[in-house]
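By convention here, the first residue in the shown sequence is residue 1. Whatever order the structure lists ligands and atoms in, that order sets their numbers, starting from 1.
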Amino acid sequence: MNLLIHGYGAMGQIVEEVARTQNLTVAAIVSPAGGEHPVSIQDVEADVDVVIDFSNPALLDDVLAFGKAKQIPLVIATTGFSEAELAKIEAASQEIPIFQSYNTSYGIALLKQLLDQLVPLTLGYDIEVIEAHHRKKVDAPSGTAELLTRAIEAKRDVTPVYDRTPRREARAADELGMHSVRGGTIFGEHTVLFAGDDEMLELKHTALSKRVFANGALAAAATILDRPAGLYNLTNLYEEATHVTHKRL
Ligand SMILES: NC(=O)C1=CN([C@@H]2O[C@H](COP(=O)(O)OP(=O)(O)OC[C@H]3O[C@@H](n4cnc5c(N)ncnc54)[C@H](OP(=O)(O)O)[C@@H]3O)[C@@H](O)[C@H]2O)C=CC1
Ligand SMILES: O=C(O)C1=N[C@H](C(=O)O)C[C@H](O)C1
C-alpha cells in the first residue's frame, strides 16, 4: 500500500510515524507549509494507491480532483465540512471509494453502535453532547460531536442547540445541547449525557493519544483499497476494520 499523506500538521505527522512502525510505504507527503514536501497534492508525482487526508476543508476540491484523476481511494478524516462539501464527497464517491469519518477511533464506532440501541429507550431524558479538545483545534463543535448528534437525531426527534446564550427560557424537551471545551493538550473527549429526574447516565469516550486516530485511518485505508466506488464510514466498514483497528499498539 503506497500511501499519500495529505496534510502534515499534528495528525499527518502521527500518521507517518504509525505507518512507518507498521512497515507501510509512505510514497508522498503533502505539506502546505512546504519544506522538503510538495505544497499541493497536484504536484505529487509518486505512484500512490490511497490518500489519507487530515488537513482542512479548504483543500477538499484538490483532494477529490486528485482521487478522481488517479482513480484511487481516499480516506478523508478532516473535520468541519459544510453540507455542500459533504455533498461533493458523496458525489465523488460514485466514481471512487471514499471513506469519510469525523472520528477514526474504534471506541467512537462502538459509541455510535451503543447510541443506536440506547437512544430510542431514553424518552424522558434530556440529552447533551459535551466535547473537549486541545487549544490548537480550529473547528467547533468537533466533527465527532456532529457525528454523535446526527446518530442521536436519527433515533429521536431532537433539535441541536449549540449556543444557549440568546435564550432566556427553560430547556425544551426536544433540545439536544452541544458544548465545546478547548484547552491544553486534550486529545479528544466526547461525552453523551442523559439527564433524567434525580439521575444521570454518561457515555464517554476519551482518546489517550493521537495514534488511535492514525491507526484507525490506516486500517480504513487498507480496508477500502480493493473496494468498489462508494461512500464508506465507521458503520459500513465496521466488521472488517475491527480486527485491524483494535489490535494492540
Ligand atoms: N477523523 C478523525 O479521527 C480526526 C480528525 N482530525 C481532523 O484532521 C484535521 C487536521 O488536524 P490536525 O493535524 O490536528 O491539524 P493541524 O492544524 O495540526 O494540521 C492541519 C494541516 O492542514 C493544513 N492546513 C490547514 N488549513 C489550511 C488551509 N486553509 N489551506 C491549506 N492548508 C491548510 C496545515 O498546513 P500548515 O501547517 O501550512 O498550516 C496542516 O498541514 C482537522 O480537521 C481535525 O479536526 C483530527 C484528529 C482525528
Ligand atoms: O482536531 C482534533 O484533534 C480532533 N478532531 C476530530 C473531531 O473534530 O471530532 C476527532 C478527534 O476528536 C480529534
Taking a cutoff of less than 4.0 Å between a non-hydrogen atom of the residue and any ligand atom, is His190 in contact with ligand 2?
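The answer is yes, since His190 has a heavy atom less than 4.0 Å from ligand 2.
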Does ligand 2 have an atom under 4.0 Å from some heavy atom of His134?
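It does; at least one heavy atom falls under 4.0 Å.
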Given that the side chain starts at C-beta and the backbone is N, CA, C, O, which of these parts of [X] lies under 4.0 Å from ligand 1, counting heavy atoms, or is it both or neither?
X: Val138; value: neither
X: Ser31; value: neither
X: Phe213; value: side chain

Check for me, please, whether Met178 and Leu86 land in the same ILVMFWY cluster - side-chain distances under 4.5 Å, paths through other members count.
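No, separate clusters.
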hydrophobic_cluster_shared for Leu59 and Ile41, side chain cutoff 4.5 Å:
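No: no chain of side-chain contacts under 4.5 Å links Ile41 to Leu59.
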Would you mind running through ligand 1 and noting each atom that sits below 4.0 Å from a heavy atom of [X]?
X: Pro32; result: 23 (C), 32 (N), 35 (O), 38 (O), 41 (O)
X: Gly7; result: 41 (O)
X: Ser101; result: 1 (N)
X: Met11; result: 12 (P), 13 (O), 46 (C), 47 (C)

Would you mind listing which atoms of ligand 2 come within a distance below 4.0 Å of any non-hydrogen atom of [X]?
X: Ser142; answer: 7 (C), 8 (O), 9 (O)
X: Thr79; answer: 6 (C), 7 (C), 8 (O)
X: Tyr102; answer: 6 (C), 7 (C), 9 (O), 10 (C)
X: Gly143; answer: 7 (C), 8 (O), 9 (O)

Return yes or no for this condition: an N or O of [X] is under 3.5 Å from an N or O of ligand 1.
X: Thr79; answer: yes
X: Gly12; answer: no
X: Ala10; answer: yes
X: Tyr102; answer: yes
X: Tyr8; answer: yes

Parallel, tilted or perpendicular for Phe81 and Tyr102, by the 30°/60° rule?
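Because their plane-to-plane angle is under 30°, the rings of Phe81 and Tyr102 count as parallel.
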Side chains of [X] and [Y] only: does a donor on one sit below 3.5 Å from an acceptor on the other?
X: Asn103; Y: Ser101; answer: no
X: Tyr162; Y: Ser180; answer: yes
X: Ser142; Y: His133; answer: no

Residue-level breakdown please: for [X] versus ligand 2, do any non-hydrogen atoms fall below 4.0 Å on the side chain, on the backbone, on both, or on neither?
X: Phe187; answer: backbone
X: Thr144; answer: both
X: His133; answer: side chain

What residue and heavy atom of the protein are closest to [atom], and at what distance?
atom: atom 3 (O) of ligand 1; answer: Thr104 N, 2.9 Å
atom: atom 9 (C) of ligand 1; answer: Ser55 O, 3.4 Å
atom: atom 1 (O) of ligand 2; answer: Lys137 NZ, 2.9 Å
atom: atom 30 (N) of ligand 1; answer: Leu59 CD2, 4.0 Å
atom: atom 25 (C) of ligand 1; answer: Asn56 CB, 3.5 Å
atom: atom 4 (C) of ligand 1; answer: Phe54 CE2, 3.5 Å
atom: atom 5 (C) of ligand 1; answer: Ala77 O, 2.9 Å
atom: atom 19 (O) of ligand 1; answer: Gly9 CA, 3.3 Å
atom: atom 38 (O) of ligand 1; answer: Ala33 N, 3.2 Å

Does some non-hydrogen atom of the protein lie less than 4.0 angstrom from atom 14 (O) of ligand 1?
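For atom 14 (O) of ligand 1 the answer is yes, since some protein heavy atom falls inside 4.0 Å.
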Does the protein place a non-hydrogen atom closer than 4.0 angstrom to atom 22 (O) of ligand 1?
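Under 4.0 Å from atom 22 (O) of ligand 1, at least one protein heavy atom found.
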Check: Arg211 side chain, Ile14 main-chain N or O, donor-acceptor pair, under 3.5 Å:
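Flag not set: sc Arg211 to bb Ile14 has no pair under 3.5 Å.
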Looking only at heavy atoms, what is the nearest atom pair of Ser55 and Gly7, with distance?
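The pair with the smallest heavy-atom distance is CB-CA, 4.0 Å.
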Run the contact test for Lys137 against ligand 1 with a 4.0 Å cut-off on heavy atoms, strictly below, and give the result.
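In this structure, Lys137 qualifies as a contact of ligand 1 - some heavy atom is under 4.0 Å.
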Could you please spell out the steps behind the salt bridge (Lys or Arg N to Asp or Glu O under 4.0 Å) verdict for Glu131 and Lys137?
CA-CA 12 Å; Glu131 55 99 345; Lys137 185 163 180 61; over 6 Å; no
Other residues, nucleotides, ligands: >12 heavy atoms within 6.0 Å of Asp43 CG:
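More than 12 heavy atoms, drawn from other residues, nucleotides or ligands, come within 6.0 Å of this atom.
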Answer yes or no: are there more than 12 heavy-atom neighbours, outside Tyr125 itself, under 6.0 Å from its atom OH?
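No, the 6.0 Å shell around OH holds no more than 12 heavy atoms from other groups.
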Aromatic ring proximity Phe54/His6, centre distance under 6.0 Å
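Ring centres of His6 and Phe54 not closer than 6.0 Å.
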Distance (rounded to the nearest 0.5 Å) between [X] [atom1] and [Y] [atom2]:
X: Leu231; Y: Ser93; atom1: CG; atom2: OG; answer: 4.5 Å
X: Leu118; Y: Leu201; atom1: CG; atom2: CG; answer: 6.0 Å
X: Arg135; Y: Ile186; atom1: CZ; atom2: CD1; answer: 9.5 Å

Using 4.0 Å as the upper bound for N to carboxylate O, is an ion pair formed by [Y] and [X]?
X: Glu128; Y: Arg171; answer: yes
X: Lys155; Y: Asp116; answer: no
X: Arg150; Y: Glu83; answer: yes
X: Arg164; Y: Glu175; answer: yes

